[in-house]
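Below: one structure, written as C-alpha cells.
Residue numbers start from 1 in every chain, and the chains themselves are labelled A, B, ... in the order their sequence lines are given, proteins ahead of strands.
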Amino acid sequence: MQLSEQEQIRRSALQELNKLGINAYPPEQYPVNVLASDVSKNFQSNEEAYQDVCLAGRIMSRRIMGAASFLELMDSSGRIQLYFKRDEICPAEDKTLYNTVFKRLLDIGDIIGVKGFVFVTKMGEITVHVKEFTILTKSLRPLPIVKEKDGEVYDAFTDPDQRYRQRYVDLIVNDGVKDTFVKRAQVIRSMRNFLNDKGYLEVETPILQSIPGGAAAKPFVTHHNALNMPLYLRIANELYLKRLIVGGYDGVFEFAKDFRNEGMSRFHNPEFTQMEIYVAYKDYFWMMKMTENMIEKIALDLHGTTEVQVGDNIINFKAPYRRLSILDAIKEFTGYDVSKMGVDELLDVCKKLDIETDPSMGVGKLIDEIFGEKCEGSFIQPTFITDYPVEMSPLCKRHRENPELTERFELMVNGKELANAYSELNDPIDQRARFEEQMDLAAKGDDEAMVIDQDFLRAIEYGMPPTSGMGIGIDRLVMLMTNQSSIQEVLFFPQMRPEAVKKVITSADFVDMGVSADWAEIMIPAGFTSPDVLKKTKPSAIQQKLNGYRKKNKLDIPAIQMEDINNWLAIIN
RNA sequence: GAUUCGUUAGCUCAGCUGGUAGAGCAUCUGCCUUUUAAGCAGAGGGUCCCGAGUUCGAGCCUCGGACGAAUCACCA
C-alpha cells in the first residue's frame, strides 16, 4: 500500500510511542466524568464543581507556544479548549512527555483523555488546565479540519461525494451534521410516543417477500437458496399490516425500511423509511385529523413551535390543514374542470397545458399527470389533496359519493408528497377485480403494476373491518423538520456507487519478476505502477526513466543496466 | 436515462495565448509561558481522473472513457 507522507509520519510517531512504552490503543476504560458542553455551559455558575474534571475526545486544533500550548478537544457534546503547561505535565527533570510525546507525537485527530481543573483565560475562554493526559487512540490519517474566523469558513469539507462516503469524517469535522441525525431520532421518537400513547401496536413484518405488494414500484430481487425461489425486498408493508387488522388488532404500525429499484435523486434513495399505520373502524377523514395532530406534535416537540423554516419558506404545521380534492386543485391552478372528462378530452387538455402524454394513459393517470405538473409544486403549506381517481389506487375504497373516485388523501408539504392514506378497500370482490385490472396493465407492459396476492385476498375474504391506513415518508419528514434539501443529508449512509477499487501492486510483485529489492522499492514511485506499464514502455525508456529517478533522488544504488531490464521483460512475457 | 458543470499537493482552490506545476491551511525543523483559522523563519510534498490524438512541446486544445454534482423525467 502506498502511504501518503503524512500517513507515514503518523505511523512512525506511533512506533516512537511504542518505543517509549506508551500504548496508543490502551485497553482499560477511561474515567470520564464530564462532557465539554457541560463545562462550557455550567462552569461559571458553579466553579467548585469543575475543579477535578476528566474529559476525553479528539484533538481538533493545536497552538503550541514553547512551554505552553492550547488545543481544542471535541467530544460527543461539543468542543472545549485545553491548556497544557510543560512544567505541570512534566514536573521532574525529564521533559519527554511534553517535548516529545505531546508536541511531536500527537496530531490533530488523535483521541486523548485529560484530567485537570477548569479556569477562564485572559481571553475569556473557559478552558481546562490539564495536569495529566493519556493517549487513548492514535489517528493514522489526517483529518480535513474546518476552520472558522469572523464567520468565514476556511478549508470546508464540502464535497458531497466524500462527505457521504466517509460520513464518519463528515460527523467529526462539520458542525451540525451530528445534530441533524439527533433530530431525526427525535422525530421518530416523538412519532412513536404519539402512536404508543394512543394504544396502537408496533409490529414487524417481513422484509423478504415472495410477492412484492402494496405499492406501484419496481422491486429488488434476491434468491433464497434453500427454497430455490426468488424473493423480493419489500416495496411496502401495507398488505401485511392489513392482515394483522384482519387478525383482530385495532391499530398496528411499523417503521419500515422499504426498497425500490428506481432512480436516485435528492428526494429518492433505494432504501428509505416509511411509517405505515392502520386503524380499524376509521375512515380517511379521521386519518387526516390524526395525521395533522401527529405532525403538529412532532414540530412542537422538536422546535417548540409549529413554524419551521424550510428553504425560503416558513411552513406552519399547526393543525388543521387545508383540504382540497384533486379535481378542485386542478380547477384552481389550470381553470379546467376535468371532473366529467373522458380520455380524449383529457388528452386535449394535456396538449393545451403542454403536458407530455403517452397512449397507455387512462383517465386516472392523466388526471394525476396534470396534478403533478401544474399543481403539486404549489402546495407549500401542509395541504390534504383528496379523492383521487380509482385507477390510481387499487387498494383504496371507492368514494362514498362517487365510485369513479377513491377515499384517498395525500399530504403535500413544500410542494412534495409527504404522506398517503386511504379508507382501505375491504370489499374482497372489488379488491379481486382491481387486482385483475392491474394484471391487465401488466400485460400491456406496465412494469409497476401490482401483482395479485392470493393470500392477501384470502385474508380479507375472512373479513377486514373498515380501516383507514396511512404511510408517511420519514426521510422527507426529517428533511422538512431539519431544513435539508436532499435526502442524502438525513441518511447516515446514502446509497452511492461503490468506490472504484484500484488494483494494488507492491514492490514484492516486482521482486517476483526478478527485480532486485532496491529497485523494486523504486518502481512504483518512478511511475511503473504495474507490470503492464513496463510491458508497454520501450526498454530504453524504462532504463532512462529509472536511472533518471535514481539521479534525481541521489539514490545510493548501482544504476540499472539494459541487461537487467531485458531479463525482467523476459519473465513478464 | 437526458442536459450542464466539475475532477490539479492531505484539505480548500489558483494556473493567462499551449512553453520548467503554484498559494493558503495541514505536515516536518527551529523560536515563542494565556493563544483565538496564534505568530515568525525555513523545508518537504504532485499518476494535473484515465486513455488516445494534434504539436517541437499538453494541466490547458480534440476525441473516447471513468467518477461526481446540479437540473429534468419515474417514484416516497
* Asked: When you compare B:A52 with B:A58, how far apart are their P atoms, in angstrom units rounded to a whole number?
  -> 13 Å
* Would you mind telling me which of B:U27, B:U36, B:A38 lies closest to the side-chain atoms of A:M65? => B:A38
* Could you work out the separation of B:G19 and B:G15 based on their C1' atoms and round it to a whole Å? => 14 Å
* Would you verify whether the NZ or CZ of A:R408 falls within 45 degrees of the ring axis of A:Y388 while also being under 6.0 Å from that six-membered ring's centre? => yes
* Asked: Of all the choices, B:U33, B:A76, B:U27, which nucleotide is nearest to the side chain of A:R476 once you look at every atom?
  -> B:A76
* For B:U71, take OP1 and OP2 only and decide whether either is under 4.0 Å from a side-chain N or O of A:R266. => yes
* Value in whole Å for how far the P atom of B:A76 lies from NZ of A:K218 -> 12 Å
* Minimum-distance nucleotide to A:R260 side chain [options: B:C11, B:A76, B:U27] -> B:A76
* **Euclidean distance, atom CD of residue A:E373 to atom P of B:A73 [Å, nearest integer]** => 6 Å
* Asked: Starting at the 5' end of RNA chain B, which residue's closest nucleotide do you reach first, A:Q81 or A:S486?
  -> A:Q81
* Nucleotide nearest A:Y83 (side chain, heavy atoms from C-beta), chosen from B:A26, B:C11, B:U34 -> B:U34
* To do: Check whether the side chains of A:N313 and A:N414 place a donor and an acceptor atom closer than 3.5 Å, and report yes or no.
  => yes
* Asked: Between A:D107 and A:Q274, which has a closest nucleotide on RNA chain B that is more 5'?
  -> A:D107
* To do: Quote, to the nearest angstrom, the C1' distance that separates B:A73 from B:C63.
  => 29 Å
* Asked: Quick check: are there more than 12 heavy atoms from other residues, nucleotides or ligands sitting under 6.0 Å from CD of A:Q51?
  -> yes
* Can you check the A:E376 CD to B:C72 P distance for me, whole Å? -> 12 Å
* Give one of base, sugar-phosphate or nothing for A:E417, where a contact means two heavy atoms less than 4.0 Å apart. => sugar-phosphate
* A:Y278 and A:F253: aromatic ring centres closer than 6.0 Å? -> no
* Asked: Can you find a side chain N or O atom of A:R63 that sits less than 4.0 Å from OP1 or OP2 on B:A38?
  -> yes
* Asked: Quantified in whole Å, what is the C1' atom distance between nucleotide B:A14 and nucleotide B:U4?
  -> 23 Å
* To do: Decide, applying a 5.5 Å centre-distance limit and a 30° plane-angle limit (both strict), whether A:F272 stacks on B:A76.
  => yes
* Asked: Considering only B:A26, B:A76, B:U35, which nucleotide approaches the side chain of A:M123 most closely?
  -> B:U35
* Structure fact -> Among the nucleotides B:U33, B:A76, B:U35, whichever has the atom closest to the side chain of A:I487 is B:A76
* To do: Just call it for A:I64: base, sugar-phosphate, or nothing, with non-hydrogen atoms closer than 4.0 Å on any strand.
  => base
* Select base, sugar-phosphate, or nothing to describe what A:K365 touches, counting heavy atoms under 4.0 Å on all strands. => sugar-phosphate
* To do: Please state whether the phosphate of B:U29, meaning OP1 or OP2, lies under 4.0 angstrom from any side-chain nitrogen or oxygen of A:R104.
  => yes
* To do: Would you check if the distance from the ring center of A:Y232 to the ring center of A:F220 is below 6.0 Å?
  => no
* To do: Compare all side-chain heavy atoms of A:E292 with those of A:F384 and state whether any distance is below 4.5 angstrom.
  => yes
* Nearest to the side chain of A:S265 - B:C28, B:U33, B:C74? -> B:C74
* To do: Using only heavy-atom distances, decide whether a donor-acceptor pair under 3.5 angstrom links the side-chain of A:E125 to the base of B:U35.
  => no
* Touch check for A:G473, heavy atoms < 4.0 angstrom, all strands: base, sugar-phosphate only, or nothing? -> nothing
